Amino acid sequence: GTLGIVLDVGGVGSTLVRQLGATDHRSLKDVYANLPGAALSVTADLTCGSSAPTTYTLSSSSTQLGLVRAGHTVVQVTASGLQFIDSSGLGYCTTEDEPTNQNCAMSFGEGSNNPCPESHPSCIGFVSGSSWGKCRKECKDEFWVEVDVWADSVALNVKGTAVSVCTGTVNVQVDDESENSIASASGDIANLNVPLRFERRGSIFGSVDVTAASSVSVTSTVGTVLFQPSLGDFLVEVPTSTPKCSYSKCGEILYKIPVTLSNQDIMNSHPVRLTLSRKFPIREGSISRGGNTGAEITGLSIMLFDDSGQPSGIPVQISKNWHSGSNAAYWAGWDGSWWSGNVYVNLPPDTSISLSFALSYEKYGGVPGWSHAQLSIVGYSDRWLWEEAALGTGGENICFDPLGSHTRATITDVRVKLFDGSWKENVGGGDFSLLYFDETGRMIYPKSVESTIWSSGPCFSNSTITSVTDDEKVTSRVEVSGSRTNDFVRVFLKVRHEAIEDVSFSRLSFFQVAAETYNYNNLPEEYVVGSGSTVSDTIARTCTGVTSKASDKMYYEGGIYREEMTGDGPWFLSMGKNQADADVAYVDNAMVVGDRGLVVREFKAKIGGVELTRPSWSLLCDKIEFGTTASVNTMKKGDYWEAKMEFLVLPRQVDYGTAQENSDSASLDDLATMSEWQRVREQATRGSLKVTGGDGVVVESEYPIRVKGGAGGQV
C-alpha cells in the first residue's frame, strides 16, 4: 500500500492514532520510523442529568482491537471498548452494583414486587422460585474507532451508541507533530458518528471533505449500489437471488454481477474503491440486503471479468466472517456471517469500463476449485489475523495463523476432503515459522510479520508470509499455494530461513508437521519415511504427546533426534492409519479425520558455511520436525535453510471409497489398491515434471507449474 497508520494499542497518552502518512514502499520497520507524528484528540463536552457541564477525553486504556478486513486492497480495524473519562480518570457512565447488596425481583419501574431503586435500576440474575437478583446501575454506552485504509486513503470514524442521560458534543481533531491541526469534526454524543477522511492526490496527502460529491460513479443492473461518503467507497450488494450452497454437494456455479465504473472528470484520473458484498455491514445509508450466506462462504472465489467475459487480471481481496457469540470483546457490529470482495481501480479521465464480478463455488471448470482468503475472527477472538483455505465448499481444509497469536502455531485447523460438501474433523496443525531459542534458552519471537495473499483462486492461490526474529538475526519467507484438484487436499509450501547475522541457539526448528502447540486428533499408527521409491524408516508410534511439553513427549529417549535423512530426494513422510476416532467411519458420522503426509520436493541449505543436500529431522513423540543436525548450534551470516514441500491430507482407508465415489477422480482410482504410506510415496515419485518455456518465458516452478510471461507478455 501507499499509506500507513499506526494504532497506539497501549493507550499511551490517551491517543489512538500515533502516526499517519505515506509509506513510499518502505519496509515495515522504515514505515514506523519515518511516518510523521500525528495525534488524535477526542473530547466530549457533556451535561449529565443535573451535573455541571464537564469535558471528557476518550481513553484507550482498555482498547480491544478487531481486524475486520485485511489484504492488498483494504485493511479495516476497529478499536472498541473505549470510554470517556474526566480529568480525575472517572467515566461519566459506569457500571456499579447497588452498595447495600439489595435483593430484587424486577427492575425499577416494572412493578411492586421487590423492584430495584431508581439509582441502580436493573435487576440482574433473578430466577423466579430459585434465586434473588441483584440491583445494578449499568452503563450500556459503547464507543469505538473504525479505520479503513485503502491504497490511497484513510477513513477514520469515531462512533458510538449512547443511551445514557448525557447530552453534548464530541469533538475530533487530528494534529501533526507540531500541534498544527490536520483535520477536525464534531458530532452529537447520541448515535455518535464523526468521520474524517484523508486521501493522497498526486504527491499531496491531506484531509478531504466527506460531503463533497464524487467524480466517479458505479452502476449495476443486478446488484444494488451504495456510495458511502465518509469512506469514499462503493458497495455493491448482491441480490437475494444470488445462489448459495447448503452443506451438501454444491456442483458448479459461476454467477456474475455486472458493474459499470465511470469517471466524469475530463481532466483527472480518480480511484474507485469497490466492495462486492453479501450482508457486509454498512456504515451509512440503507439498501436491500442480499440474504444470508450459505456453505459457499467456506470456499468462495471472487473474480473480476472484463467485458469479453475473460478474467481481467485485477486482483480481488476476499474478506469474510462467520463468527458470533463470543464476549471476548465488543465487536461494534462486525461479527456474524458476511463476505466481501474488495477491488481498487484507478480510472483515467473521462472513462467508463464494464466489468463483472464472478462468483465461483464448489467447482470451477468442472474441477473442485481452491480458495485462500482472510477469514475475520471478529466475534470469536480479538487476536487479529486468520486465513482460511478450502478445496471446494462445505468446510475449511487448512487454516493459517500467520502471527501465531492463538497458539504460536502458524498452521492450525486441517481437515480432509471427501467431496460430500460437509465439514470434517480437525487434524491440525503445523508450523512454518522459525522456532528459535537463543543460547540462554530464551525464545526469540518473530516480528514485522507481513502476510499477503497475492491470488485467492479458484485455479491457483499464492501468498507470502515474511518476518524477522526479534533480535534481527534471522529472516523468514514462506510461500503458500494451493490448486484446484479432484483427489485430495494438497498445499505447496516454499520455506526459507536465512541468517542475516551470526546466531547461536540452544534449539532451532525450521518446520513442524503437527505443531507442539497445536496438534489434535493426530494418532498415526506408524511413520514411514523415505527418499524416492526407497523406504528408510518405518516407526510405530509409541507415544501420544498432543501439546504437552514434558520431556518424554518431546525429544524422547530412543527416538529420531536431529538425524540427516538418507537418499537424494524427493523425500516423503507418511503419518498414516490415523487412530483418532478409529471406530468412526463416514457411513456413521460425516465428521471424520484424515491421514497426513509430507513430500520434501526440493531441499538446499548452508549451515555453518557448509552446503547441505539432505534435511535433518526429529520425531517429537507424535510430531515431525526439521532442524539442524545434533552437532550444530550456530548459523553464520549468509547461512540458510530452504525447502519446497507438499503438505497432504488424505482420506483414511475406511473412508477412501466415499472420496472415490464423490469425486470421480482417476488419481484416487489409481491409488486405491495402495497402502496409506504408498499413496504418499507416489506423490513424491510422480511429481517430477520437466517444464520448458520459449520466447523469453521464465519457468518459476515446475511443480506446481508456474511461469512468467516472456516477449510481449505472452506465455
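What you see is a predicted model, and the numbers here were worked out from it, not measured in a lab.
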Sidechain-backbone polar pair: Ser531 side chain, Gly569 backbone, donor-acceptor under 3.5 Å:
yes

Of all pairs that satisfy disulfide bond (SG atoms under 2.5 Å apart), the ones with a partner from residues 514-632, not counting sequence neighbours
Cys543-Cys621

How many angstroms lie between atom OG1 of Thr298 and atom CG of Leu391, to the nearest 0.5 angstrom?
10.5 Å

What I want to check is whether the side chains of Gln660 and Ser665 have a donor and an acceptor closer together than 3.5 Å.
no

Approximate separation, where rounding is to 0.5 Å, of Asn486 CG and Leu668 CG
7.0 Å

Rounded to the nearest 0.5 Å, what separates atom CG in Asp568 from atom CZ in Arg614?
5.0 Å

For Glu362 and Thr393, which I'm curious about, is there any donor-acceptor pair between the side chains at under 3.5 Å?
yes

Measuring centre to centre across the rings, with the benzene-like ring taken for any Trp, is Phe510 within less than 6.0 Å of Trp641?
yes

Are more than 12 heavy atoms, taken from residues, nucleotides or ligands other than Glu700, located less than 6.0 Å from that residue's CD atom?
yes

For Tyr380 and Asn321, which I'm curious about, is there any donor-acceptor pair between the side chains at under 3.5 Å?
no

Does Thr469 use its side chain to pair, donor to acceptor, with the backbone of Ile444 at less than 3.5 Å?
no

Looking at every heavy atom in both Ser448 and Val468, which two are closest together, and how far apart are they?
CB-CG1, 4.2 Å

Any idea which heavy atoms bring Thr685 and Gly532 closest together, and the distance?
CG2-O, 3.4 Å

Taking it one step at a time, do Leu254 and Tyr364 satisfy side chain to side chain contact (heavy atoms under 4.5 Å, CB included)?
CA-CA 8 Å; Leu254 187 66; Tyr364 184 72; 4.2 Å; yes

Looking at Asp595 and Lys577, would you say the former's side chain and the latter's main chain have a donor-acceptor pair under 3.5 Å?
yes

How about Asp622 and Asn519: do any of their side-chain heavy atoms sit closer than 4.5 Å?
yes

Would a 4.5 Å heavy-atom cut-off, applied to side chains only, mark Glu702 and Lys690 as touching?
yes

How far does CG of Asp639 sit from NZ of Lys606, to the nearest 0.5 angstrom?
6.0 Å

Output yes when Glu516 and Lys623 qualify as a salt bridge under the 4.0 Å nitrogen-oxygen rule, no when they do not.
no

In terms of heavy-atom contacts, Phe603 and Ala643 come closest through CD1-CB, 4.2 Å

Strictly distance-based, threshold 3.5 Å: is any side-chain N or O of Asp502 a donor or acceptor partner for the main-chain N or O of Lys637?
yes

Take a 6.0 Å sphere around NZ of Lys447 and say whether it holds more than 12 heavy atoms from other residues, nucleotides or ligands.
yes

Can His497 and Thr475 be said to form a side-chain hydrogen bond (donor to acceptor under 3.5 Å, both in side chains), step by step?
CA-CA 6 Å; His497 304 293; Thr475 62; over 6 Å; no

Would you say Gln678 and Glu682 are linked by a side-chain donor-acceptor pair, where the criterion is simply a distance under 3.5 Å?
no

Quick one about Thr544 and Arg541 (side-chain donor to acceptor, distance below 3.5 Å, no hydrogens or angles considered), yes or no?
yes

Measure centre to centre between the rings of His372 and Phe400, then say whether the value is under 6.0 Å.
yes

Nearest 0.5 Å, what's the CE-OG distance between Met303 and Ser455?
10.5 Å

Side-chain heavy atoms of Glu296 within contact of Cys250, under 4.5 Å:
no

Would you say that Trp571 contacts Leu598 through its side chain, given a criterion of any heavy-atom pair below 4.5 Å between the two side chains?
no

So does Glu498 pair up with Arg496, basic N to acidic O under 4.0 Å?
yes

Are side-chain heavy atoms of Val480 and Val491 found at a separation under 4.5 Å?
yes

Any side-chain donor paired with an acceptor under 3.5 Å for Arg562 and Thr628?
yes

Would Trp370 and Ser461 count as having a side-chain donor-acceptor pair, cut-off 3.5 Å?
yes

Before accepting this row, confirm whether a basic side-chain N of the pair Glu625/Arg507 lies closer than 4.0 Å to the acidic partner's carboxylate O.
yes

Side chain to side chain, Trp423 and Tyr247, heavy atoms closer than 4.5 Å:
yes

Quick test of your reading of the model: are Glu388 and Lys320 salt-bridged, counting only N-O distances below 4.0 Å?
yes

Ignoring hydrogens and geometry beyond distance, is a side-chain donor-acceptor pair present between Ser319 and Trp339 at under 3.5 Å?
no

Apply side chain to side chain contact (heavy atoms under 4.5 Å, CB included) to the pair Asn397 and Val649, showing each step before the final yes or no.
CA-CA 9 Å; Asn397 291 114; Val649 191; over 6 Å; no

Side-chain contact test, heavy atoms from C-beta onward, threshold under 4.5 Å: evaluate it for Trp617 versus Val529 and give yes or no.
yes

Residues which pass side chain to side chain contact (heavy atoms under 4.5 Å, CB included) with Thr412, listed by chain and number, not counting sequence neighbours
Trp386, Cys399, Asp401, Tyr518

Is NZ or CZ of Arg679 both nearer than 6.0 Å to the six-membered ring centre of Tyr656 and within 45° of the ring axis?
yes

In Arg601, Arg490, Gln683, the residue satisfying side chain to side chain donor-acceptor pair (under 3.5 Å) with Glu646 is Arg601

Does Asp588, at its CG atom, have more than 12 non-hydrogen atoms belonging to other residues, nucleotides or ligands within less than 6.0 Å?
yes

If I compare all heavy atoms of Asp487 with all of Ser667, which pair ends up nearest, and what's the gap?
OD2-CB, 3.7 Å

Distance-only polar pair, side chains of Arg686 and Tyr703, donor-acceptor under 3.5 Å:
no

Contact between Asp655 and Leu418 at the side-chain level, heavy atoms closer than 4.5 Å - yes or no?
yes

State, without any angle test, whether Gln374 and Glu387 hold a side-chain donor-acceptor pair at a distance under 3.5 Å.
no

Restricting to non-hydrogen atoms, name the atom on Ala515 and the atom on Ala409 that form the minimum distance, rounded to 0.1 Å.
CB-CB, 3.7 Å

Minimum heavy-atom distance between Tyr436 and Lys473, given as atom pair plus value:
OH-CD, 4.1 Å

Electrostatic pair Lys644-Glu479, nearest N-O below 4.0 angstrom
no

For the residue pair Lys553 and Ser551, confirm or rule out a side-chain donor-acceptor distance under 3.5 Å.
no

Rounded to the nearest 0.5 Å, how far does CG of Asp537 lie from CD of Glu526?
12.0 Å

